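Here is the structure we will look at.
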Amino acid sequence: MEAVYLTFVFVLAIFLGFELISKVPSTLHTPLMSASNAISGITLIGALASLKTDSPGFAAFLGTLAVIFATINVVGGYAVTNRMLEMFKKKDQGDSK
Amino acid sequence: MNLGALGINFAYVISAALFIFGLKMLSSPATARKGNLISALGMLLAIVVTLLASGLDYKWIILGGAIGGSIGLFAAYKVEMTSMPEMVALFNGFGGISSLILAWGAYHQHPQMSPFLAAIAFVSAFIGGVTFTGSMVAFGKLSGKISQQAVVFKGQHIINGAILAGAIGSAAIFCAVPGSWVGYLFFMVILLIALAFGVTSVIPIGGADMPVVISLLNSYSGLAACAAGFVISNNILIVAGALVGASGIVLTKIMCKAMNRSLANVLFSGFGTKTATSGTSDDGPQGEIRPATAEDVYYILEAADSVAFVPGYGLAVAQAQHVVRELGDLLEENDTEVSYAIHPVAGRMPGHMNVLLAEANVPYDQLVEMDDINPRMDTVDVCVVIGANDVVNPAALDDENSPIYGMPIIETHRAKTVIVLKRSMNPGFAGIQNALFFGDNTRMYFGDAKASIQALVAEFKS
C-alpha cells in the first residue's frame with residue numbers, strides 16, 4: 001500500500017512540474033536549471049536521516065559522502081542562482097547602478 | 001507513526017509547497033529572485049526538521065555539511081558567468097552521485113529488500129551513476145578539458161546496447177537475491193556499469209548539442225533523487241525529485257524543438273562529424289564576400305534607426321558581453337532603437353545568452369525571443385550577428401538537403417543590412433557554410449568579437 005501511495009504522490013508531482021515549468025520564459029532558463037538543480041539536492045534529507053548513531057562504520061562513511069555532495073548541490077545551487085537573478089533588472093533599475 | 005514522525009512529515013508538506021511556490025515565481029524576472037529564496041527556505045525547513053529527529057550522529061553530519069557547504073559557496077561566488085554551463089553540469093553530477101551513494105547506503109544497511117524495493121534501488125543507483133559520469137564528460141567538453149567534438153567510433157551503438165543489456169541482466173540477478181553476497185556483488189557490477197555508461201553515452205555528443213544534454217542530465221538528477229525517495233520511503237524526496245525531473249524534460253523538449261531534431265537524433269547521431277566531411281567542399285554556397293572595416297560599420301550603425309544584436313556562443317568565448325552593452329548604450333544615446341534577439345539554443349545551455357547579457361546590465365525588456373523578432377525583421381535596419389552561425393543560416397529555411405533544414409532560425413537575412421562579426425570564414429558546429437555571409441546586404445567584419453566591438457565603441461566616442 002505504501003508503494004501505491006508514493007507512486008500517487010510521484011505522478012501528481014510530475015504533472016505539476018510540467019505545468020509550472022512550461023510557464024517559465026526562455027530568458028530565465030539558466031537560473032531555472034540551477035534552481036531546480038539545487039532542489040535536486042533534496043537527497044541531502046535522505047543522507048542526513050541515514051546517519052544514525054548506530055550506523056556501522058561503512059554506512060557512516062557512505063552517509064557522510066552523500067551529505068558532502070548533496071550539500072555542495074544545495075548550497076552552491078541556491079547561491080549561484082541568487083547571484084544570477086540579482087543581475088536581471090528592468091531598464092530603470094539597471095541605470096541606477 | 002509516532003508524533004515526532006508526524007510532525008516531520010507535516011513540515012515536509014510545507015517544504016514541498018514552498019518549492020512549488022518558488023518555481024512558480026520563477027516564471028517572471030521580476031519575482032524570480034524572491035522565488036529562489038522561498039525555495040531555499042523550503043529546503044532549510046526540510047533540513048532543520050530532519051535534524052530534529054532522534055538518534056542522528058551529528059559529528060558526521062557537521063563534518064559533511066561543513067565540507068560540502070564551503071565548497072558549494074566557494075564555487076558559487078567564484079564562477080564566471082561565461083562558465084555557467086560547466087558549473088551547472090558539475091552540480092548536476094554531484095546530485096547524481098549523492099543519489100547513487102544514498103541508494104548504496106540504504107542497501108548496505110538493510111540488504112534484505114523486497115524485489116520491488118531492490119528494483120528501485122537499482123534505478124536510483126543506475127541513473128545516479130549515469131548522471132555523475134555523464135555530467136563529468138559534459139563538464140570536460142564545456143570547459144575545453146576534453147575535445148568538444150563528437151567522438152564516434154564503429155559499433156558504438158552496439159557497445160552501448162551491450163552495456164545496457166548487461167545492466168538489466170545484473171539488475172535481474174540483484175533483485176532476485178539482494179540479501180546474499182551474490183546480490184551485493186552484482187550491485188557493485190551495476191555501479192560500475194552505470195559509471196561507464198555515463199561516459200559512453202555522452203562522449204558521442206558534440207559541443208553545440210550541450211543545451212540538450214545538460215537539460216537531460218538535469219532531469220536525470222531529479223529522477224535519481226526521486227527513486228532514492230522510494231527506496232527510503234520519503235515523500236519530500238519524491239515530490240522534489242519529480243519536480244526537477246519534469247523541469248529537465250520540459251527544457252529538453254524545448255531545446256530539441258528549437259533545433260528541429262528528435263532527442264534520439266541528438267543523442268545517437270554524432271551530429272557535426274558526418275556532415276563536416278561530406279557537405280562543405282563542393283556544393284556549399286559560394287559568392288563574393290564584402291569585408292568591412294570598423295569605420296564602415298560605424299557609419300552603417302550611426303545611420304540606423306533600429307539595431308538588433310544576435311549573439312551566439314562566440315560572444316561567450318570572447319567575453320564580449322560588456323562591450324556589446326556599451327555599444328548598445330551609445331547607439332541608444334544616438335536615438336537608435338536597440339534590441340537583442342536570442343535564439344533558444346544559442347550558447348551552450350538553455351538561456352546562456354540571457355544570463356551573460358544580464359550580467360552586463362542589459363535590461364531584460366530589451367531581450368527579445370526569436371518568435372517575436374522574426375515577424376518584424378523586415379523593418380530592422382541593421383542586424384549585428386556576434387559569434388552566431390548555424391542559428392542564422394538561411395539554408396535551414398530553403399535548402400532541403402542541408403543537415404539543419406527545418407530548424408527555426410533568426411531570419412537576419414531579411415533585415416536591411418546584416419553585419420557579421422566573425423574570426424574567420426570557418427563553418428560553424430554543423431560543419432556547413434552559411435549563405436548569409438555571401439548575401440548582397442551582408443558585410444563581414446572580421447576579428448575577435450571583443451576587440452572588434454571595442455574598435456566600434458572607440459569610433460563612436462571620437
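None of these values were measured; they are calculated from a predicted model.
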Residue [X] versus chain B: region with a heavy atom under 4.5 Å:
{"X": "A:Leu28", "answer": "side chain"}
{"X": "A:Ile39", "answer": "both"}
{"X": "A:Glu19", "answer": "neither"}
{"X": "A:Leu32", "answer": "both"}
{"X": "A:Ala59", "answer": "both"}

Quick one: closest heavy-atom pair of [X] and [Y], and the distance?
{"X": "A:Ser40", "Y": "B:Ser221", "value": "OG-OG, 3.5 Å"}
{"X": "A:Thr43", "Y": "B:Ser98", "value": "OG1-OG, 3.0 Å"}
{"X": "A:Met87", "Y": "B:Met81", "value": "CE-SD, 3.7 Å"}
{"X": "A:Ile42", "Y": "B:Leu237", "value": "O-CD1, 3.4 Å"}
{"X": "B:Phe230", "Y": "A:Leu6", "value": "CE2-CB, 3.5 Å"}
{"X": "A:Leu85", "Y": "B:Asn36", "value": "CD1-CB, 3.9 Å"}

- Query: Can you name the ring pair (Phe, Tyr, Trp, His ring centres under 6.0 Å) partners of B:Phe94, sequence neighbours left out?
  - Reply: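 For B:Phe94 the ring pair (Phe, Tyr, Trp, His ring centres under 6.0 Å) partners, ignoring immediate neighbours, are A:Phe69.
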- Those residues that, when tested against B:Tyr220, pass ring pair (Phe, Tyr, Trp, His ring centres under 6.0 Å) (two or more places apart): none
Does any heavy atom of chain A fall under 4.5 Å from the side chain of [X], the backbone, both, or neither of them?
{"X": "B:Tyr77", "result": "both"}
{"X": "B:Pro29", "result": "both"}
{"X": "B:Ile214", "result": "both"}
{"X": "B:Phe116", "result": "side chain"}
{"X": "B:Leu100", "result": "neither"}
{"X": "B:Ala53", "result": "neither"}
{"X": "B:Leu56", "result": "both"}

- Please work out which of the three classes, parallel, tilted or perpendicular, describes the rings of A:Phe88 and B:Tyr364, given edges at 30° and 60°. tilted
State, with a plain yes or no, whether a side-chain heavy atom of [X] is found less than 4.5 Å away from one of [Y].
{"X": "A:Ile72", "Y": "B:Ile67", "value": "no"}
{"X": "A:Phe10", "Y": "B:Cys226", "value": "yes"}
{"X": "A:Ser36", "Y": "B:Leu243", "value": "no"}
{"X": "A:Pro31", "Y": "B:Val355", "value": "yes"}
{"X": "B:Val79", "Y": "A:Arg83", "value": "yes"}
{"X": "A:His29", "Y": "B:Asn354", "value": "no"}

- Message: For the backbone of B:Gly351 and the side chain of A:Thr30, can you confirm whether one donor and one acceptor N or O come within less than 3.5 Å of each other?
- Response: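 Looks like yes, one N/O pair under 3.5 Å.
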- Query: Would a distance-only check, ignoring hydrogens and angles, find a side-chain to backbone donor-acceptor pair under 3.5 Å from A:Tyr78 to B:Ser39?
  - Reply: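 Side chain of A:Tyr78 to backbone of B:Ser39: a pair is present.
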- Residue selection (most heavy-atom pairs with chain A, distance under 4.5 Å) from B:Gly95, B:Gly241, B:Ala40: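 The candidate making the most pairs under 4.5 Å is B:Ala40.
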So how far is it from [X] [atom1] to [Y] [atom2], rounded to the nearest 0.5 Å?
{"X": "A:Leu51", "Y": "B:Asp57", "atom1": "CG", "atom2": "CG", "value": "6.5 Å"}
{"X": "A:Met33", "Y": "B:Leu217", "atom1": "CE", "atom2": "CG", "value": "8.5 Å"}
{"X": "A:Ser22", "Y": "B:Lys253", "atom1": "OG", "atom2": "NZ", "value": "7.0 Å"}

